[in-house]
Each structure stands twice: as structure tokens, then as C-alpha cells.
Amino acid sequence: MAFDPKDIETQIVEADVLIIGGGTAGCLAAVEAREKDPRLKVVIVEKAHIDRSGCLAAGMNAINAYLHPGETPESFTAHVRADALGLIREDVVLASAREINTAVARVESWGLPILKDGNGNYAARGRWNIKINGERLKPIIADAARRAGADIYNRVNVTDLLIYEGRVIGAVGFGVRDGAFYVFLAKSTIVATGGTAGLYRPNNPGSAHHKMWYPPFNAGAGYAIGIRAGVEMTSFEMRFIALRTKDAIAPTGTLALGFGAPQVNAKGERFMQTRFGHAGGDGAATPLRVYGPTLELKEGRGPCYLDTRGLSAEDVHRLKASYLDMYPGIVLYWAANGIDPSKEPVEICGTEPYVMGGHCQAGYWIDPDRSTTLPGLFAAGDVAGGNPYKFVSGAWAEGIIAARSAVACAASVGAVKHDDKCTVALRARVFAALERFEKVGDGVAPFEMEERLQKVMDEYAGGISTFYEMNEERLLVALKQVGKLKGQVRYLIAGDLHELMKAHEVIDRIDVAEVLVKHLIHRKETRWPGYQTRLDYPDRDDQRWLKFVNSRRGPDGMVEMLERPYMQIVPGDRYLPPA
Amino acid sequence: MSVITDKVKCNGCGGLDEPQCVKVCPGDLMAMGEDGKSRIRYTADCWDCMACVKACPRGALETRLPYQLALYKATLKPKVKSDRIEWTLIDIDGEKEEFVIRTL
């Protein structure tokens, strides 16, 4: 079918509250908004299908942010602060900590099986963790959003926020199935799309390039639409590099927390004890637990492992069952390679760096009520900044808080005013790659541009091949190369709607990568070894850098860097976990 | 490989607007072929999340890890029941292991 822009249908959808992204945070936001005011029209727009979209597609076997009896929002915040090496938005973390347990209870009431101990309390997997049978976690919260009466638009890829007189009034995008141009007009908008994978060259090449931990389909749209709209972002330089099992890239918490397996190097040395004992050994802050094995590899003491050799056959069966609820690929990987974790240790590695606010704190600069710096726009989940260690339950809490604020905001706004002129240019941008394919034919395929971006970022902005290390001169090369790619997006070609989605994914990744590199250049210290190792500024420098690095892209396309102060609210040593 | 379709078992979810696997794939990778059977369009782009395998009402899909990571061959097949999943794992030596995991 030849493409003719004139044939594209426009679908206009009006909403009181628009939720961009029907994942972990988005579904809870929809339920909360409808419960607060059942008269409201709440719309979820989702790139995939809410039953199995986002991080939870395969399920989840634990809730890793939960306040067991005796813990308080303050003790949780102190823990999160120590884990993030002394710098978080304490006001923002405290606000979600107060909501986490009720959010978990709510999802349990919808049918999530949570394991209990002999006394009927939730079974602990660690100080802040509980065990669940969460294979159906995503369909459970999707069902709740449907039951609550949210209007759901699956397979619609949002490409831009819609702004009128300085206020967010919705978003535009295209139907991945129907090819229509979608205009969502909303009194308030919550962005909850998730973070960004695929910025860096991944662990595995070619046929296994998507064998990654973070969903490869999370391409940073939520950040990119905010960046392009000039919303203030924070802490992109705190990249997340996950410690994962080698090859299959499965989470290691199940092994370390669930089964007590310590890290060892090729010599059998428990290097986290010997080299990072002062920082907590195997229980050190999360960045150090990936920095440790990275150093071992760099200095010739790899491979590194989680030592599972003490496990019984029954333990291994339970271990596999636990992974089947979340990451079945590792079970198949062991079976295909003849690996028995009770007889040989499980090899580990760091992943490629991701930008996300669920484990680290990259994202929109928000107030405790989850409002962003643009009126009418709220953020929740992996795109919301300053609130690391939120994981699933913190994202639920954040969705709930954002929904309350968005409902209040919607009540204060009359009819949404807009101007058709503002959608015309956006519409042309949405379909440009399809149009070029039809009219010119020659150009750049999305995967080619993605590959080049990943090569640049890997080699010059601290990817796997350089042990995540970086220095200013290399970062400046990355910035220059990413800038050139920005100039090339007009040559993208897409032969169908799936390819058009891929084209927008790489456009979004490039916009995120540019902001990331600017942040990495700006912070002239090493705050988070591994995540952000500056060879030219190897030490932590609280005197100069105990503050947030923020950014905002101007109408001229230039990214302006800003600094915002850190505020300590919870007393105590910022580098020590709570007693 | 990533997702293999058993073309005898797959009936393209006849009667539905969209086969279940096409509906749920988070990467928009599953599509209906001209033969009326589902298939994966871009094998390298699969995340191996198994959402499609579990959604298939006829057990027609199988996740196969890329050969660079996994030797030929092992299989992992879920049977989705109303309140549990029964998994059958067969390793490279033909050893079978079964798991029953509650979902409600």
C-alpha cells in the first residue's frame, strides 16, 4: 500500500486524565484516578498491550521495596540514601515510602499471591523484600485498570507531548496497528512509560542482542517527549548497570538474597569481603556490588561467580521455580548448557548501562506530589527522578501519588484549549520515516542507526568494553557523534508501522543519549563507582558535588545544565544504612 | 531462533481479530503469516519473555534461545491452567524436570 499522508486518519481522544504508558505505575495511576472520582474519563495509552507490556511482561518473584514491621518511611529512606551513596531526593522518597505497603496490600487484594511465613506475615527475602508468585503480576494490575473503568488504547506509540500556552494538554502519536494519527487532549497528563534500554552496545551481539535484563522495548519515549518539550530532568548520570548472570542476563537477587550465594572471583576469593569489607562486603551498596566484579575482571581475576555450590538438589529445584515466575530464560539456558548450579558456580557480569529511575534516579525533576516543571504534567515509575530503589512497589506508590495530583489538577482546569496548528508539525514528524520510504526509498534503517548509537556510546561514554569508565575527552567525542546522529534522523526510513515504531525508538534513544552524555560530562567527581566512573575525577567530592545535576533542552535544541541543592531530611550518616 | 511455531497446532486463533500471541507480544514481533499461522517476524528482537508461549491456547509456540547462548537442545514448556502453570523442562541430556507454580 503506497503511503500518502493525506490518507492518514486522525483520531481525537479527549480525557480528564491521560496516562502515557500502561505499565507498573500507569495501571495503578488509572485505578487511583477512577477511585478518586468515578466521573473522570481516564485514558491509558500504551505502545504494546497492557496485559504484558513493560518490565513485568514475564512476571516478578519478589517485591523489593517493602516496610516490614518495625521499619518506617524514615528508615527506608535512610537505607535508600546509603544505597545511592548519599544523594537522593529525600522528600520524594519519603512520600512514596509512606504509600508502599498500602499499594502492596491493594494489589494482593486483586489476586497477587504473596508468600506468608508460619505466623501469617509476609515471608521476608531480605530486610526490604517479600516473596511473591508474580508470574501474573502484569495481567492482574491490567485487569484492575480495566475493572476501574479506564479507557485503554493499546498499540499506540506516543511521540510528543502537546503543549498550549506553556501547559501540557495531552500528547500525540500513531497507531502501531491502524496507522492513525492520535491526538489526546487532556486536562492533566501522567507520563509513566518506563526508562531506556538499548543506548549502549548490549552484552550479546546479533541474534541475542535483545537478551538483556531491562525490556529492550523500553526505548526512552517518556524521557524523550519531556526532553523535547523542555521539561527539567535530573541525575541521568546515575546510570544503572545491573549485576546479572552472564549470557542469560537474569537478575541475581534471587541467588544472592533468596539463596545466600556470595560473589567469588576465579581464584575462589570472596573479593567483596576482602576488597569491599569496609563498605559492607556482599551487602555493600548496589553500585559497589557491580563495581567489585568489574574491577576483578579488569585486573585479571575473572571470571566472577555467585557461588551456588552449597545448594542442595532441592534448593536448585526451588531456585529454578523462583526464576520461572520472572525470568524463565535462565532455566532454559542452564538446561541447554548442562549447568547444575549446585555443582558449578553461576557466572556473573554487568549489563550495558540503562537510564532509568526505578533502581537509580534518572528522570523528571519532580515535587513530592509528582508534578514536573511543566504545568499539567506529572511523572511516575521509571521516568520519575530522584527516587531510586522504588522497583515495582515504589512505582505503584508513585502512580498512586501522581494520580491524586493529576485528579486535583484536572478539577482545576476548564475545557482544554488547543490550536490545530500545534499538531500539524508534529504529525509531519510522526510519519516522516514512512513518507521518506515511499518517496525516496533510500535512507537509514532504524536498526542501523541504533547500532551506530550503541557503538558510539559503548566506546566513548563508558560502555561494557571500557569497564564502564570514562573521561571528559572521550565523552566529548560521544557528544559530537551523538550530535551528528541527531542530524541524521531525517534520513530514517520505515517500510511499515512496526518499522515506524522502531524509527521513533531510535530517535528517542538519541535524544536521551545526548542528555545522558551532557550529565556525565557535568558531574566532575566519581559519585557512583561503576555507574559513573570518571577516570579524570576518581574520588567522591561531597564538598563540590553533593547536589543534583539537572538539565533542560531549550527551544533552540541546546541542552542547558543546571544544579539543584540536596536537602537532608532524615538525620544520620548519609553513607550508613539505618541501624 | 527465538519463538518456534508448531504449524500443525497453530490455527491462527481462528475467529479472533488478532491471535493471542500477536496481541500480547511486548515487542510487536508476532504476526500472522500468509498461511494463517502465527510467526515471529524478527527473531533477533525477541526478549524471550515467553508471554506469547503462555498466551497460546493450543500450546503451539516454543521459546528457543539463540544458539550462541544455548546448545541444541533443551525445551521449556508451560501449561497454563486457571490457577497455576505446569512447566516441563527437558535438558540437553533428555532429563525431565517438572514444576507447578501457583498464579492465584
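Each chain gets a letter, A, B and so on, in the order its sequence line appears, and its residues count up from 1.
Most heavy-atom pairs under 4.5 Å with chain B: of the set G134(A), G111(A), P205(A), G59(A), this distinction falls to P205(A). Of the residues considered (S53(A), A58(A), A57(A)), A58(A) shows the highest number of contacts with chain B, using heavy-atom pairs under 4.5 Å. In terms of heavy-atom pairs under 4.5 angstrom with chain A, the leader among D45(B), I85(B), D93(B), L29(B) is D45(B). Across K502(A), M212(A), K320(A), the residue that shares the most heavy-atom pairs under 4.5 angstrom with chain B is K320(A). Chosen from W47(B), W87(B), F99(B), the residue pairing most often with chain A at heavy-atom distances under 4.5 Å is W47(B). Contact tally against chain B (heavy-atom pairs below 4.5 Å) for P113(A), G54(A), A48(A): the top residue is P113(A). In terms of heavy-atom pairs under 4.5 angstrom with chain B, the leader among N337(A), L324(A), D247(A) is L324(A). The greatest number of non-hydrogen atom pairs below 4.5 Å with chain A, out of A51(B), A70(B), P78(B), is found for A70(B). With chain B as partner, the option from H317(A), M501(A), M326(A) having the largest number of non-hydrogen pairs under 4.5 angstrom is H317(A).
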Subject >> Y354(A) and W213(A): CA distance, side-chain angles, deciding distance, ring-ring contact (aromatic ring centres under 6.0 Å, His included) verdict >> reply: CA-CA 10 Å; Y354(A) 308 113; W213(A) 164 74; 5.6 Å; yes
**OP:** Let me see the working for N61(A) and T254(A) under side-chain hydrogen bond (donor to acceptor under 3.5 Å, both in side chains), right down to the final yes or no.
**Re:** CA-CA 8 Å; N61(A) 66 16; T254(A) 303; 3.2 Å; yes
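Look at K96(B) and D91(B) and you find no salt bridge, because none of the NZ, NE, NH1 or NH2 atoms lies under 4.0 Å from a carboxylate O. The existence of a salt bridge linking R177(A) and D28(B) is confirmed by a sub-4.0 Å separation between a basic side-chain nitrogen and an acidic carboxylate oxygen. Salt-bridge formation is detected for the pair K47(A)/E505(A): a Lys NZ or Arg NE/NH1/NH2 atom is positioned less than 4.0 Å from an Asp or Glu carboxylate oxygen.
Listed by chain and residue number, nothing satisfies the ring-ring contact (aromatic ring centres under 6.0 Å, His included) test with F259(A) (two or more places apart in sequence, or in another chain).
A side-chain donor-acceptor contact under 3.5 Å links H49(A) and N154(A). Side-chain N/O atoms of E62(B) and T75(B) include no donor and acceptor closer than 3.5 Å. Side-chain contact check for Y214(A) and D382(A): at least one donor-acceptor pair (N or O, by modelled atom type) lies under 3.5 Å.
Looking at L69(B), both its backbone and its side chain come within 4.5 Å of chain A, counting heavy atoms on both sides. The contact between L71(B) and chain A is made by backbone and side chain atoms together, counting heavy-atom distances below 4.5 Å. With a 4.5 angstrom heavy-atom cutoff, V22(B) touches chain A via backbone and side-chain atoms both. Contacts between W110(A) and chain B at a heavy-atom distance below 4.5 Å are absent for every atom of the residue. Only the side chain of E18(B) comes within contact range of chain A, with at least one heavy atom under 4.5 Å from a heavy atom of that chain. The contact between Y42(B) and chain A is made entirely by side chain atoms (from C-beta outward), counting heavy-atom distances below 4.5 Å.
Between R201(A) and the options E451(A), H209(A), K455(A), a side chain to side chain contact (heavy atoms under 4.5 Å, CB included) holds for only K455(A).
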